[in-house]
**Q** 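Submitted below is the structure of interest, expressed as structure tokens.
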Amino acid sequence: MAENHHSNIFPPAESVKNEAYVKSMEQYSEMYQKSISDPEGFWSKIAEQFYWESGTTGKFLDYNFDVRNGPIYIKWMEGAKTNLCYNAVDRHVANNLGDRVAFYWEGNSLDDDGQITFNELKERVCKFANVLKSLGVVKGDRVAIYMPMIIDITVAMLACARLGIIHSIVFGGFSVESLSERLIGAQCSVLVTADGVWRGTKLLNLKDIVDNAVLKCEAAGHTVEHVIVCRHLLPSDEVVVGEGEEEPRPAVRPCRQLRIKWHAPRDKWWHELVEGASAECPPVWLDAEDPLFMLYTSGSTGKPKGVLHTQAGYMLYSSTTFKYDFDYHPDDIFWCTADVGWITGHTYVTYGPLLNAATSVMFEGVPTYPDPGRFWRIVEKYKVSKFYTAPTAIRSLMGFGDEHVVKYNRDSLKVIATVGEPINPEAWLWYYNVVGNKKCTVVDTFWQTETGGHVISPLPGATPTKPGSATFPFFGVVPVILNEDGTEVQGDGEGYIVFKQPWPGIMRTVYGNQQRFETTYFKKFPGYYTTGDGGRRDKDGYIWVTGRIDDMVNVSAHLLSTAEIESALVEHKAVTEAAVVSHPHRIKGECTYCFVTLKQGFTFTADLLHELRAQVRTKIGPFASPDFIQEAPGLPKTRSGKIMRRVLRKIAVGDKDIGDVSTMADETVVDKLFQLRPADA
Ligand code: WTA
């Protein structure tokens, strides 16, 4: 999508440059060179701003990136002892910043909002940590969090971090199946959730999904012992028991339709548990390489993988990328629109901002409710200066017209950033011209769940930007472009994006599956971490990420595995085989296009189509619902039986120029597939 021939170069915004930590490309280059030639010197200086209970005892950085030399490992500051929660909260309270607002919370409804200071955050985190302790959860245990965008989700995360409990957050849009799979995968015996949440005009009954997921776990032999329920929607004056009905609540969070079931003693109200809890809870001092959290991400071979991040490295990296890539200063109001359930929310809603003592906005709702001006209304309301969202949101809002943007005051904005997928130049330019009023720097950040934080991104006061390019590597990151045969592309050229040496925020393993970690990221090109993305370096050295080159589809900045969707489809009784490919989509960037072969005796009806969509929604989640499903009497395969996805991608877009088919077993299927394309594809 990114177009290299777009020759426009945009200098950094003057207002940003004047106050920036890094004001020129010379300064960036100097710092960058130091960061890669002397990682210890560079990062140990940064480490000085944090609290360490004790210092590094082993090597500052120790790693093996080459499978030919034995197991892959990455260790930063081994032996040092610290606590992320302490550094993100208590440290600021100790530095007299306790009265500073940590979060302005903006609810789904226009008249629903709140805020929390660092003092209050500390108190709430300590109380909740004591609750976890009282339930017998200890360091190294996993706690699952399945919650909406409310302040309590960060309280739950930080309470885990305070005790060395590994949090495993499951995005609130995942289905019963996906949630139970993750609960079992991480063997979580405690799950933190909320009763329900409004997202725009949709009511999501989280508790009901949790009940069913826990049942599924039970059936698979895994017991979730405690379900802690945060009361977000239900009226405060009553607790609903069994099939009980509650009165409609006239307040700002109506929940007339919400009914929850209660399973005592498993279910416990959060507010009741914290009532008697102490507000004192000493942090547990953890080793630099103790796990901090795991977060599942789609895997190209089907099952999601639990990406594991650890203490010290993630702390250094999340805080430093936040500081430099948004050029954060204490008077900023930062707003990252991502859900905490995704990595962007982990790093740039919770840890990065809090480690910098930043004041952020947290938003529960959706960009189009009650109208497509919501984002800019919020920017005006809180005077947001640094704003971070996904290209899919930009493209969607662009379609509603400029009037929804310009009617709000956006003078506070300085840096407007994006993440999650390649941004097309048209959307970039609209963001720059209309949202940023031509006076903000656009920061396109490329990274992954696995990288922990930004790895390729402009610095807003230094880097001249090109619309659609994520530009240059962050400190400590050494990107390389490889040919298919594994040779490094020098200068101008295209290929696989890989990284040559570890930065502090890189994942440490796949939870419980070191083998899969090595196979997925380190086997294809020994000596390098493989991202799975393709990209190009232009003659000026700018990097353009072009997208996944494995079997992943990026739908609205959410990575989906085609294999996972295929296996959901073939579980339907009518389906014998399914193949899913990516298809371009005007707003979502990409969407999924599914080919399904039916079993004898089944016909491809509108009802079946509906059932197949529903199948994917229940197996994975509503956000994975396929855009196109077509019947495939046969699939194009090689003589060895491999599905030729390259050909399917052509069919999906109606491109008859399918290239070399000499290896195809039966060419006649192709014509049939072209004939059966849905009319709207
Ligand atoms: C894609 C999200 C182009 C990419 C932080 C990557 C991007 C995947 C960009 C990771 C960007 C993310 N330009 N592509 N600025 N940012 N991607 O793990 O394909 O949800 O591999 O992490 O998103 O998605 P994940």
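Remember, it's 1-based here, ligands and their atoms both numbered in the order they're listed. Side-chain atoms are counted along with the backbone in the values below, which use heavy atoms only and exclude waters and symmetry mates.
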**Q** For ligand 1 and D533, I'd like to know whether there is a polar contact (N/O to N/O, distance under 3.5 Å).
**A**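 D533 vs ligand 1: N/O contact under 3.5 Å present.
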**Q** Under 6.0 Å between the ring centres of F475 and W503?
**A** no
**Q** Heavy-atom contacts with V545 under 4.0 Å: which atoms of ligand 1 show up? List them by number with element.
**A** 3 (C), 14 (N)
**Q** Which atoms of ligand 1 sit under 4.0 Å from any heavy atom of T344?
**A** 5 (C)
**Q** Applying side-chain hydrogen bond (donor to acceptor under 3.5 Å, both in side chains), run through T337 and T389 and close with a yes or a no.
**A** CA-CA 5 Å; T337 69; T389 196; 2.8 Å; yes
**Q** For the CD atom on E488, are there more than 12 heavy atoms of other groups (residues, nucleotides or ligands in this structure) within a distance under 6.0 Å?
**A** yes
**Q** Need the ligand 1 atom indices (1-based, order shown) with element for anything under 4.0 Å from a heavy-atom of N554.
**A** 1 (C), 23 (O)
**Q** Within ligand 1, which atoms have a heavy atom of V419 less than 4.0 Å away?
**A** 5 (C)
**Q** Using side chain to side chain donor-acceptor pair (under 3.5 Å) as the criterion, point out the one residue from R395, R548, K588 that pairs with E421.
**A**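 For E421, the side chain to side chain donor-acceptor pair (under 3.5 Å) test succeeds with only one of R395, R548, K588, which is R395.
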**Q** About how many Å separate OH of Y296 and OG of S168, when rounded to the nearest 0.5 Å?
**A**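 Those atoms lie 5.5 Å apart.
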**Q** Picking from Y317, F334, Y314, what satisfies ring-ring contact (aromatic ring centres under 6.0 Å, His included) with F322?
**A**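 When ring-ring contact (aromatic ring centres under 6.0 Å, His included) is applied between F322 and each of Y317, F334, Y314, only F334 qualifies.
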**Q** Residue-level breakdown please: for T445 versus ligand 1, do any non-hydrogen atoms fall below 4.0 Å on the side chain, on the backbone, on both, or on neither?
**A**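 Only the backbone of T445 comes within reach of ligand 1.
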**Q** Nearest non-hydrogen contact with atom 17 (N) of ligand 1 belongs to which option: G420, A470, G534?
**A**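 Going through G420, A470, G534 one by one, G420 has the nearest heavy atom to atom 17 (N) of ligand 1.
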**Q** Check ligand 1 against R548 and write out every atom of the ligand that is under 4.0 Å from a heavy-atom position of the residue.
**A**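 Here the atoms of ligand 1 in question are 6 (C), 19 (O), 21 (O).
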**Q** Below 4.0 angstrom from a heavy atom of D444, which ligand 1 atoms are there? Numbered from 1 as shown, please.
**A** 11 (C), 15 (N)
**Q** Has K323 got its NZ or CZ under 6.0 Å from the middle of the six-membered ring of F326, at an angle within 45 degrees of the ring axis?
**A**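 Because its charged atom misses either the 6.0 Å distance or the 45° angle limit, K323 does not stack over F326.
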**Q** Counting heavy atoms only, name the option from T418, T449, T347 that's nearest to atom 25 (P) of ligand 1.
**A** T449
**Q** Taking only non-hydrogen atoms of W342, do any sit less than 4.0 angstrom from ligand 1?
**A**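 Contact absent.
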**Q** I need the contact type for E421 against ligand 1. Using non-hydrogen atoms and a strict under-4.0 Å cut-off, is it side chain, backbone, both or neither?
**A**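 Contact part for E421 vs ligand 1: backbone (N, CA, C, O).
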**Q** Could you tell me the residue and atom name of the protein heavy atom closest to atom 10 (C) of ligand 1, and the distance to it rounded to 0.1 Å?
**A**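 Sorting protein heavy atoms by distance from atom 10 (C) of ligand 1 puts W447 O, 3.6 Å first.
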**Q** Does the ring of Y542 carry R537 above it, NZ/CZ under 6.0 angstrom from centre and within 45° of its axis?
**A** no
**Q** What is the closest protein heavy atom to atom 3 (C) of ligand 1, and at what distance does it sit?
**A** P422 N, 3.1 Å
**Q** What is the ring orientation for F623 with F171, classed by angle as parallel under 30°, tilted 30 to 60°, or perpendicular over 60°?
**A**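 The rings of F623 and F171 stand perpendicular, inter-plane angle above 60°.
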